[in-house]
K.L.:
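Structure below; questions to follow.
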Amino acid sequence: MTDSILRRYIDYLTVERGLAQNTLDAYRRDIAEFLAYLEEKEKAPQGVSREEIRDYIQLLYSRLAPRSITRRISSLRSFFQFLLLDGYLEHDPTETLETPRNW
């Protein structure tokens with residue numbers, strides 16, 4: 001199921017938003033990693049809570065620079081907006097996520 005959602009999301013970014021190939025590749029990697037994280041937790045993207053997303057982002061802080069985390073948050077926001085638009089969700093759990101401040 002998650003592979004299908006990821007494919008539909010990338011198609012959406014390609015067709016609807018017209019993103020460059022490098023951006024598509026980065027978003028694909030970001031969301032695939034997030035989906036793998038959810039799979040480990042036995043969660044579906046449709047059932048993830050704001051707190052679980054925050055836990056994931058906190059994990060990113062242990063290994064990534066603020067700029068990389070900012071892009072990951074952007075990827076997550078875009079992904080959850082897609083899920084909302086496509087009818088998978090009724091509420092966007094990334095709505096109140098804050099991005100890290102860059103130096």
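On a predicted model such as this, the values are computed, not experimentally measured, just so you know.
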K.L.:
Between CG of Leu24 and CZ of Arg29, what distance do you get to the nearest 0.5 Å?
P.N.:
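Between atom CG of Leu24 and atom CZ of Arg29 there are 10.5 Å.
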
K.L.:
Are side-chain heavy atoms of Asp55 and Tyr37 found at a separation under 4.5 Å?
P.N.:
yes

K.L.:
Flag yes if more than 12 heavy atoms outside Glu33 fall under 6.0 Å of its CD atom; otherwise flag no.
P.N.:
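It does: Glu33 CD has more than 12 such atoms within range.
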
K.L.:
Considering residues at least two apart in sequence or located in another chain, which fulfil the salt bridge (Lys or Arg N to Asp or Glu O under 4.0 Å) criterion with Arg71?
P.N.:
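Listed in chain order: Asp30.
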
K.L.:
Below 4.5 Å, heavy atoms only, C-beta onward: do Val48 and Tyr56 meet side chain to side chain?
P.N.:
no

K.L.:
Using every non-hydrogen atom in the two residues, find where Leu64 and Ile69 come nearest and quote the distance to one decimal.
P.N.:
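The pair with the smallest heavy-atom distance is O-CD1, 3.7 Å.
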
K.L.:
Over all heavy atoms of both residues, which pair between Ser49 and Pro93 is shortest? Give the atoms and the distance, please.
P.N.:
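Minimum heavy-atom contact is C-CB, 4.3 Å.
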
K.L.:
Let me see the working for Lys41 and Glu52 under salt bridge (Lys or Arg N to Asp or Glu O under 4.0 Å), right down to the final yes or no.
P.N.:
CA-CA 10 Å; Lys41 304 285 183 191; Glu52 289 165 324; over 6 Å; no

K.L.:
Report the distance from atom CG of Asp86 to atom CD1 of Ile5, rounding to the nearest 0.5 Å.
P.N.:
9.0 Å

K.L.:
Which value, rounded to the nearest 0.5 Å, describes the distance between Leu83 atom CG and Ser78 atom OG?
P.N.:
9.5 Å

K.L.:
Could you measure the distance from the CD1 atom of Ile31 to the CZ atom of Arg72? Nearest 0.5 Å is fine.
P.N.:
9.5 Å

K.L.:
Do Ser4 and Arg7 have side chains that get closer than 4.5 Å, going by heavy atoms?
P.N.:
yes

K.L.:
Are the side chain of Thr14 and the backbone of Ile10 linked by a donor-acceptor contact shorter than 3.5 Å?
P.N.:
yes

K.L.:
Using 30° and 60° as the class limits, which term best fits the ring planes of Tyr9 and Tyr27: parallel, tilted or perpendicular?
P.N.:
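Ring orientation of Tyr9 relative to Tyr27: parallel.
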
K.L.:
Name all residues meeting the salt bridge (Lys or Arg N to Asp or Glu O under 4.0 Å) criterion together with Arg28; count only those two or more places apart in sequence or in a different chain, and write none if there are none.
P.N.:
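Counting only residues at least two positions away or on another chain, Arg28 forms a salt bridge (Lys or Arg N to Asp or Glu O under 4.0 Å) with Asp25.
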
K.L.:
Quick one: closest heavy-atom pair of Leu89 and Leu84, and the distance?
P.N.:
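Minimum heavy-atom contact is O-CD1, 3.4 Å.
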
K.L.:
Output the distance between atom OG1 (Thr94) and atom CD (Gln81), rounded to the nearest 0.5 Å.
P.N.:
6.0 Å

K.L.:
Taking C-beta and beyond as the side chain, do Pro45 and Phe79 meet within less than 4.5 Å on heavy atoms?
P.N.:
yes

K.L.:
What residues form a ring pair (Phe, Tyr, Trp, His ring centres under 6.0 Å) with Tyr12, not counting sequence neighbours?
P.N.:
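Once residues adjacent in sequence are excluded, the partners of Tyr12 under the ring pair (Phe, Tyr, Trp, His ring centres under 6.0 Å) criterion are Phe82.
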
K.L.:
Could you pull out the closest heavy-atom pair between Ala44 and Leu38, with the gap in Å?
P.N.:
C-CD1, 4.3 Å

